[in-house]
Amino acid sequence: MAKFERRSWAEPFKIKTVEPLTMTSREQRERYIKEAGYNTFLLRSRDVYIDLLTDSGTNAMSDNQWAGMMLGDEAYAGSENFYHLEKMVQEYYGYKYLVPTHQGRGAENLISHILIKPGMYVPGNMYFTTTRLHQELAGGTFVDVIIDEAHDAENTHPFKGNVDLNKFESLIKKVGADKIAYITIGATVNMAGGQPISMENMKAVHELASKNKIKVVMDATRAMENAFFIKKREKGYEKKSIQDILKELCSYSDAATMSGKKDLLVNIGGFLALNDFEVFEEARNMVVVYEGLHTYGGLAGRDMEAMARGIEEACHLDHLQARIGQVEYVGNRLLELGIPIVKPIGGHAIFLDAKQFYPHLEQTKFPAQTLAAELYLDSGIRAMERGIVSAGRNKETGDHYYPKLELVRLTFPRRVYTQAHCDVTVESVYEVFQNREKVKGLKMIYEPKYLRFFQARFEPL
Ligand code: F0G
């Protein structure tokens, strides 16, 4: 351990195939971002230099995964790759039943439809955009029960993904357990900054939920990264393998929705995993309507094979050490430069605190959206807004939600960028920080009805 601290680490892979990047001039970028309505989601990827928009589906697959792609069994029914994936999910996550879906939101749609009846509540450790929308579309109301520390960018609680058990219990008392469809547990919590939940808290949530006959649905999208943080930070887990920690974590839930596009090192894929046979039967039936037959769920056989192989690779300690180590490297350099970021440094991304970056901009001038646009203008780096635009509107009052966290996410695709790319990123953030006082904010000129952050358009004030 001490040895690791003194010596540098390096990526546990070497590069076999490369993809050239385009460099652009400031003049070009001014044109491109204007055409994109100052929304980084609307930029063309060819006009982006370092793409830190998301870690979703942007991973580099291994030679072993690519080899698996050649073994795709593209039968409509009963594909071999489905059985391989099912076996790997059972072995690593520990759930009994598997329903593949094209990506995470496909699984969210299924579970929301099956378990939520109109008028029910769905508590969760902070919202995620697609998860909450599916809950709302099914007639549910999301209730945030994460600990208060999670809403404070400066707070260094090691498990900011924890549920506040008092908040959860008060909700049960207030609305009654039969009005609670289930509780969603994000591991890690994306919108809080990639922050983990502790094993102790997960266990306590499960106990309280079971006592009240409430199901626990885990969002396992980045659960391996969560397992890594438990190993590093929670007493009693230092010597346990990631695989054992992951399995224990999942054992405190009844089902999991999964976006394989993150942890599992693929470009597309997801699943719903369950222990309850009746819910599984319904999901297996419903998947035919929305995704495809229950042995492919909207995926090609080859995609299921790549995901099955990804499960094993992603669970390696070396991989997680390098993956989270890269994020940590960028975070620590930014901290040394005095840049305001969410602390502690999370698993998949660095979150710049736009409120501290631009204290002179009110939230209705979209500080995080503005910062993402400024970064692109400076260097062609693409980041993502995770603030008031992502939070959307309250369906009752029609007003914006005003999240405490107004963030810009620099998200790191797995196994894609080098340390030099990281250095360029740090230098660009520093440059934008130096020029922060000149910035005036944005005005929204087009707002879509659902998940507005993807397609909204803006103009400089
Ligand atoms: N849950 C979490 C925690 C996520 O981060 C995402 C996706 C999903 C569910 C939905 O999965 O995209 O496969 O349908 N997050 C991406 C991101 C979009 O950039 O953070 P999906």
Side-chain angles (χ1 to χ4, degrees), residues 39-41 45 51-59 99-112 122 124-137 142 144 146 150 160-161 184-197 217-226 249 253 255-273 287 290-291 297-299 303-304 306-307 310 327 342 346-351 368 372 382-387 389-392 405 407-414 416 450-455:
N39 184 346
T40 53
F41 277 104
S45 132
D51 202 347
L52 306 180
L53 183 72
T54 177
D55 63 333
S56 183
T58 51
N59 305 302
V99 180
T101 57
H102 76 286
Q103 59 183 77
R105 69 199 72 178
E108 291 167 357
N109 177 38
L110 297 178
I111 199 75
S112 304
V122 193
N125 56 346
M126 204 174 265
Y127 83 102
F128 184 72
T129 53
T130 57
T131 322
R132 186 180 66 191
L133 180 62
H134 279 297
Q135 293 165 355
E136 289 174 352
L137 290 173
F142 170 81
D144 188 6
I146 204 165
K160 276 168 114 174
T184 328
I185 300 297
T188 58
V189 182
N190 189 353
M191 303 299 277
Q195 306 292 336
I197 179 169
V217 177
M218 185 153 94
D219 181 340
T221 296
R222 297 182 186 84
M224 288 184 189
E225 290 172 7
N226 200 113
L249 195 66
S253 70
T257 55
M258 179 73 196
S259 170
K261 300 170 74 174
K262 282 77 167 179
D263 260 359
L264 302 187
L265 301 167
V266 288
N267 305 120
I268 192 72
F271 56 78
L272 175 63
V287 75
Y290 292 105
E291 309 275 321
L299 294 170
D303 297 325
M304 292 189 282
M307 189 154 59
V327 177
V342 173
H348 65 303
I350 296 299
F351 290 73
R382 170 154 71 173
M384 184 194 289
E385 194 267 6
R386 292 276 86 154
V389 184
S390 295
L405 298 176
L407 309 173
V408 169
R409 190 180 73 174
L410 303 171
T411 337
F412 291 82
R414 296 165 189 77
V416 171
Y450 300 116
L451 304 174
R452 64 183 184 178
F453 56 93
F454 283 130
Q455 289 148 340

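As a basis for the values below, the full set of heavy atoms in this structure was taken, side chains included, without hydrogen atoms, waters or symmetry mates. First listed ligand is number 1; within each ligand, the first listed atom is number 1.
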Self-check item: Enumerated ligand 1 atoms positioned under 4.0 Å from heavy atoms of T54
Solution: 17 (C), 19 (O)
Quiz item: In chain order, what residues pass the salt bridge (Lys or Arg N to Asp or Glu O under 4.0 Å) check against R414, with sequence neighbours excluded?
Solution: D55, E225
Quiz prompt | K261 N/O to ligand 1 N/O under 3.5 Å | solution = no
Quiz item: Can you tell me if H348 has a non-hydrogen atom under 4.0 Å from ligand 1?
Solution: no
Quiz item: Taking distance alone, with no angle check, do D219 and ligand 1 share an N/O pair under 3.5 Å?
Solution: yes
Quiz item: Should you measure from each heavy atom of T221, which atoms of ligand 1 turn up under 4.0 Å away?
Solution: 1 (N), 2 (C), 9 (C)
Quiz prompt | Exercise: identify the closest heavy-atom pair between I146 and K160 | solution = CD1-O, 3.4 Å
Exercise. Could you say whether the N/O atoms of F128 and ligand 1 ever approach to under 3.5 Å?
Key: no
Quiz prompt | Closest contact, heavy atoms only, E108 versus T131 | solution = OE2-OG1, 2.9 Å
Self-check item: Identity and distance of the protein heavy atom lying nearest atom 10 (C) of ligand 1
Solution: T130 OG1, 3.5 Å
Quiz item: Which pair of non-hydrogen atoms, one from T40 and one from M384, has the smallest distance, and what is that distance?
Solution: OG1-CA, 4.3 Å
Quiz item: In terms of residue, atom name and distance, what is the protein heavy atom nearest to atom 9 (C) of ligand 1?
Solution: E108 OE2, 3.0 Å
Quiz item: Nearest protein heavy-atom contact for atom 11 (O) of ligand 1: which residue, which atom, what distance?
Solution: S259 CB, 3.3 Å
Quiz item: Does some non-hydrogen atom of M191 fall short of 4.0 Å from ligand 1?
Solution: no
Quiz item: Is there any N or O on D55 that sits under 3.5 Å from an N or O of ligand 1?
Solution: no
Practice problem: Only counting residues at least two apart or in another chain, list the ones meeting side chain to side chain donor-acceptor pair (under 3.5 Å) with R105. | Solution: none
Practice problem: Check ligand 1 against G104 and write out every atom of the ligand that is under 4.0 Å from a heavy-atom position of the residue. | Solution: 11 (O), 13 (O), 14 (O), 21 (P)
Quiz item: For ligand 1, is there an N or O atom under 3.5 Å from any N or O atom of N190?
Solution: yes
Quiz item: N/O of T131 under 3.5 Å from N/O of ligand 1, yes or no?
Solution: no
Practice problem: Describe, in one word, how the ring planes of F142 and Y127 are oriented to each other, choosing from parallel (under 30°), tilted (30 to 60°) and perpendicular (over 60°). | Solution: perpendicular
Self-check item: Pair R382-D51, salt bridge (Lys or Arg N to Asp or Glu O under 4.0 Å): steps then yes or no
Solution: CA-CA 5 Å; R382 170 154 71 173; D51 202 347; 2.8 Å; yes
Self-check item: Option whose closest heavy atom lies nearest to atom 7 (C) of ligand 1, chosen from M384, R105, K262
Solution: K262
Quiz item: Closest approach of T129 and M191, non-hydrogen atoms and distance?
Solution: CG2-CE, 4.3 Å
Practice problem: List the atom of G194, the atom of H348, and the distance in Å for their closest heavy-atom pair. | Solution: CA-CE1, 3.5 Å
Quiz item: If you count the non-hydrogen atoms of other residues, nucleotides and ligands that lie under 6.0 Å from OH in Y450, is the total more than 12?
Solution: no
Quiz item: Which residue supplies the protein heavy atom nearest to atom 21 (P) of ligand 1, what is that atom called, and how far is it?
Solution: Q103 NE2, 3.3 Å
